[in-house]
Visitor: 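Supplied in structure tokens, the structure appears directly below.
Both backbone and side-chain heavy atoms feed into the values below; hydrogens, waters and symmetry mates do not.
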Amino acid sequence: MLGFFLLGLGSYAWVCFGFLGAYSSELRWAFTTKVALLLFAVPGLISLGKPIALTRIVLTGLPRRFVDGALRSWPVRLFGNAIFAPLFACAVFLIFLTPIAAVLRDNTWSEWMITVLVPLAGMLMVLPIASHNIIRTSLFITAEFLFAFVELLLDAVPGILLRLNDTVLDHAPTVLGRLPLWFPNALHDQHLSGDFLWFIAEIADVPVLIILFIRWSQSDRREAKGLDELTDEQMEELTREHLRGPRA
């Protein structure tokens, strides 16, 4: 419970109401860093408080069945696997390479939507993976594990493009008025945005790899235990079925 309020909601308040939230409309790197942290870091810290496990312990009857049904629904299962998550995150980060980023950064309504919807999307990706509420086969987890390594390269692409490009990609107009002396120019601001985005995206992959490795180990032990409980006759029959292959 302490982890949920202190780390989860505390990090959310720090990102939204601190420096990043205050300067996200003027600074590109503050905006991209804010979105990346809301998508990766805040949901990850919220998951340390085990909100799903606590909810299932507290609730009974119809409310608990509703929560269990929601966890088994296709949107949660879609967001909560390591194959969809990197594709979704990469698609979000690719927006920073377009003029859409300037529109989102300078609009009050989009700022409120980002503050609410981005953490929700991040929790849909993180919480099902962290809560182990869906039993996967070791083969499926292995595929997720391998794809997570691909994510290390995939997430780096938007940050690298922002860092190496010598043209301001969002075409945002110059901020007028008196600015602090430490404000970077537009191109340097974009380069800083790429640096922070690349760093956060790569660091965020490490906990996912650790969780997937733990899930793979548990699934392998579970399947091995199931085979050990079979009798010699059952094992022999299973072997014959395997060698015979699927029937036409």
Visitor: Evaluate the side-chain proximity of Trp29 to Leu197: yes if any heavy-atom separation is below 4.5 Å, no if none is.
Guide: no
Visitor: How long is the straight-line distance from OG of Ser24 back to CD of Glu111, given to the nearest 0.5 Å?
Guide: 4.5 Å
Visitor: Can you say whether the rings of Phe93 and Phe96 are parallel (under 30°), tilted (30 to 60°) or perpendicular (over 60°)?
Guide: parallel
Visitor: First locate atom NE2 of His191, then atom CZ of Arg28, and finally report the distance between them rounded to the nearest 0.5 Å.
Guide: 11.0 Å
Visitor: Do Phe31 and Phe17 sit in one hydrophobic cluster, given that two such residues count as connected whenever their side-chain heavy atoms are within less than 4.5 Å of each other, even indirectly?
Guide: no
Visitor: Just wondering, more than 12 heavy atoms not from Phe66 lying within 6.0 Å of its CZ?
Guide: no
Visitor: Shortest non-hydrogen contact from Leu104 to Ser110?
Guide: O-OG, 2.6 Å
Visitor: With the 4.5 Å side-chain cut-off for hydrophobic clustering, are Phe19 and Leu181 part of the same group?
Guide: no
Visitor: Who are the side-chain contact (heavy atoms from CB on, under 4.5 Å) partners of Val92, not counting sequence neighbours?
Guide: Val35, Phe88
Visitor: Heavy-atom count around Asp195 CG within 6.0 Å, excluding the residue itself: above 12?
Guide: yes
Visitor: Take atom CZ of Phe199 as the centre, draw a 6.0 Å sphere, and report whether it contains more than 12 heavy atoms from other residues, nucleotides or ligands.
Guide: no
Visitor: Between atom OG1 of Thr98 and atom NE2 of His171, what is the distance when rounded to the nearest 0.5 Å?
Guide: 9.5 Å
Visitor: Go through the steps to decide whether Leu37 and Ser11 satisfy the test side-chain contact (heavy atoms from CB on, under 4.5 Å), and finish with yes or no.
Guide: CA-CA 9 Å; Leu37 291 177; Ser11 63; over 6 Å; no
Visitor: Holding to side-chain hydrogen bond (donor to acceptor under 3.5 Å, both in side chains), I want the full list of residues that pass it with Thr33, two or more places apart in sequence or in another chain.
Guide: none
Visitor: Shortest non-hydrogen contact from Arg105 to Ala172?
Guide: NH2-CB, 3.4 Å
Visitor: Say you draw a straight line from OG1 of Thr115 to NZ of Lys34; how long is it, rounded to the nearest 0.5 Å?
Guide: 4.0 Å
Visitor: About how many Å separate CD1 of Ile95 and OG1 of Thr32, when rounded to the nearest 0.5 Å?
Guide: 12.5 Å
Visitor: Do Leu39 and Pro43 come close enough that some side-chain heavy atom pair is under 4.5 Å?
Guide: no
Visitor: Is it true that Leu38 and Leu94 fall in one hydrophobic cluster, defined by side-chain heavy atoms closer than 4.5 Å?
Guide: yes
Visitor: Is it true that Trp198 and Leu164 fall in one hydrophobic cluster, defined by side-chain heavy atoms closer than 4.5 Å?
Guide: yes
Visitor: Quick one: list whatever passes side-chain contact (heavy atoms from CB on, under 4.5 Å) with Leu161, sequence neighbours left out.
Guide: Leu97, Val157
Visitor: As an exercise, state the distance from CG of Leu187 to CD of Gln190, rounded to the nearest 0.5 Å.
Guide: 6.0 Å
Visitor: Can you name the closest pair of heavy atoms from Pro119 and Ile114 and give their distance?
Guide: CD-O, 3.4 Å
